[in-house]
2 protein chains.
Amino acid sequence: MTGARKAAGQPDKRRAIVAGALKLFARDGYTRAALDAIAAEAGVSNRTIYNHFTDKADLFQAVIQDSTERVASTMVDIIDRHLTKVADLESDLIDFGVAWLGVLTSDLAPHFALIRQINAEQEHVPPAALQLWRRTGPQHTRHELAQRLRRIAERGDLAMDDPARAAGHLMLLISADNLADPRDLHDQRETRAMITAGVQAFLHGYARQIRR
Amino acid sequence: MTGARKAAGQPDKRRAIVAGALKLFARDGYTRAALDAIAAEAGVSNRTIYNHFTDKADLFQAVIQDSTERVASTMVDIIDRHLTKVADLESDLIDFGVAWLGVLTSDLAPHFALIRQINAEQEHVPPAALQLWRRTGPQHTRHELAQRLRRIAERGDLAMDDPARAAGHLMLLISADNLADPRDLHDQRETRAMITAGVQAFLHGYARQIRR
DNA sequence: TAGCTTCTACACCGATCGGTGTAGTTTAGC
DNA sequence: GCTAAACTACACCGATCGGTGTAGAAGCTA
């Protein structure tokens with residue numbers, strides 16, 4: 001609700017609260033996560049939380065915003081690192097996919113559990129928070145990815161009508177259904193095989209030389 | 001937990017309870033959904049629920065099983081209806097996709113909200129229930145779809161190494177990210193365009209004549 | 001040292017919820 | 001029409017939780 005916060009309280013306490021809240025919201029969901037447990041996790045008094053946030057809902061929204069921005073910037077970094085200078089498109093895309101999927105098992109993993117919670121609780125999450133996540137999260141990274149794909153297409157290695165749609169397809173084919181089922185992500189070989197298959201499915205659909 | 005139920009109570013009451021519970025579990029999630037509210041939704045006394053189910057968790061598991069079986073059989077029907085006799089592969093796949101996506105907005109829609117809840121609450125759902133859903137739900141339909149794709153491949157219209165993986169890709173490309181974001185699904189033209197793009201991406205990746 | 005803000009510990013309120021007990025009413029099957 | 005099972009209404013318990021009040025400790029600034 002309140003757009004601009006006036007930085008009440010100690011910044012390090014605030015960070016600890018947000019970090020602890022992310023962990024518990026991600027694991028337990030909005031309703032199940034108790035504020036006392038969050039306070040304990042953050043090594044902070046229950047009362048201090050209300051010194052930084054007006055509400056449980058307010059805290060939730062802050063957690064969404066913080067985590068989304070952090071993850072989105074990581075994703076954009078990966079896009080930049082792998083898809084700016086492209087030598088062998090297929091192997092570069094596979095490397096890109098490996099890095100992309102690696103985020104799901106990194107220390108940023110709780111974020112994606114949080115996203116599942118948001119998707120489940122859509123009816124109870126304030127619409128403003130939902131919209132904020134969609135824009136600065138998946139929409140932003142998809143746009144960034146689409147830009148790179150368009151540039152590669154202009155070089156002649158890809159052919160597509162709608163870069164945004166193609167970017168969405170690539171993201172789907174790379175992450176497969178692992179967003180819904182984050183197990184099996186620890187088998188390196190299986191993960192790589194899955195990514196390779198996804199990239200090949202993507203490429204042979206968009207590569208110009210095999211487009212009919 | 002208890003595998004075999006001894007059909008305690010009136011069957012129509014049981015059905016009403018399961019139906020009401022599905023609606024509320026889907027909308028509110030396991031924790032938020034109150035048993036009193038479920039009882040009211042089902043037009044049944046609070047106490048009657050405990051005559052049919054031992055627990056809230058027991059009821060939840062029954063709801064998962066019931067809804068999953070119903071939806072899976074619908075999906076298999078759609079596969080059978082559209083992919084048994086294939087004339088024009090691309091247009092048949094598009095029709096198939098339209099029917100497939102139509103389920104998401106049908107009266108079976110609450111099921112997918114329930115699935116989002118399950119995916120979010122994975123840490124708190126009994127593993128047996130999770131496994132049961134995965135097997136009789138997505139794994140089953142994917143296997144069924146893979147069978148059809150293999151048959152089409154044997155006829156020479158498709159080429160693929162791993163039919164199961166291909167089936168997964170097709171399911172992803174057809175439903176795009178609408179499983180996570182079920183809005184926008186009411187714009188007929190946009191939906192059809194999305195499905196068409198997905199099918200074309202799939203086809204040009206697996207069609208033999210354009211495989212390098 | 002003085003003064004201000006922040007944090008902590010703790011007790012507390014009101015509401016919600018899962019689950020039970022009970023007494024009485026309805027319904028199904030013989 | 002009788003009996004037993006099933007259902008209803010209602011009161012109730014114990015636990016959890018969001019949020020507040022308060023009094024004092026800790027830390028920063030001058």
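A quick note: this is a predicted structure, and the numbers were derived from the prediction, not measured.
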(request) Round to the nearest Å and state the distance from A/N46 atom CG to C/dC13 atom P. (result) 17 Å
(request) Verify the neighbour count for atom NZ of A/K56: are there more than 12 heavy atoms of other residues, nucleotides or ligands below 6.0 Å? (result) yes
(message) By nearest atom, which of the nucleotides C/dT8, D/dC17, D/dT8 is closest to the A/A34 side chain?
(response) D/dC17
(request) Consider only side-chain N and O atoms of A/R150 and A/Q147, and report whether a donor and an acceptor are under 3.5 Å apart. (result) yes
(request) Please work out if A/A33 contacts a base, only the sugar-phosphate, or nothing of the nucleic acid, heavy-atom cut-off 4.0 Å. (result) sugar-phosphate
(message) With a 4.0 Å cutoff (strictly under), does any side-chain N or O of B/H52 reach OP1 or OP2 of D/dC7?
(response) yes
(message) Distance check needed: D/dA25 P versus A/Q10 CD, whole Å only.
(response) 20 Å
(message) When you measure from the side-chain N and O atoms of A/S45 to the phosphate of C/dA9, is any distance below 4.0 Å, counting only OP1 and OP2?
(response) no
(request) Provide, to the nearest angstrom, the distance between the CG atom belonging to B/D55 and the C1' atom belonging to C/dG19. (result) 9 Å
(message) On DNA chain C, compare the nucleotides closest to B/D36 and A/G43; which residue's is nearer the 5' end?
(response) A/G43
(request) Verify the contact: side-chain N or O of A/K13 to OP1 or OP2 of C/dT8, cut-off strictly under 4.0 Å; return yes or no. (result) yes
(message) So if I take every side-chain heavy atom of A/T48 and compare against D/dG19, D/dT8, C/dC7, which nucleotide ends up nearest?
(response) C/dC7
(request) Please determine, by modelled atom types, if B/H143 and B/Q139 share a side-chain donor-acceptor pair under 3.5 angstrom. (result) no
(message) Using whole Å, what does the distance between atom C1' of nucleotide C/dT6 and atom CG of A/D12 come to?
(response) 11 Å
(request) Identify whether any heavy atom of B/A57 sits under 4.0 Å from a base atom; if not, whether one sits that close to sugar-phosphate; answer base, sugar-phosphate or nothing. (result) nothing
(request) Please state whether the base of D/dG19 and the side chain of A/R47 form at least one donor-acceptor pair under 3.5 Å? (result) no
(request) Give the rounded distance in Å between these two atoms: CZ of A/R15 and P of C/dC7. (result) 12 Å
(message) Between B/D55 and B/A57 (side chain of the first, backbone of the second, donor and acceptor by atom type, cut-off under 3.5 Å), is there such a pair?
(response) no
(message) Looking at A/K23 and A/D28, is there a salt bridge between them, counting it only when a charged N and a carboxylate O are closer than 4.0 Å?
(response) no
(request) Check the distance between C/dT26's C1' and B/N51's CG and give it to me in whole angstrom. (result) 14 Å
(request) Using atom CD1 of A/I49 as one end and atom P of D/dC17 as the other, report the distance to the nearest whole Å. (result) 13 Å
(request) Send over the distance from B/Y50 OH to D/dT8 C1', rounded to a whole Å. (result) 16 Å
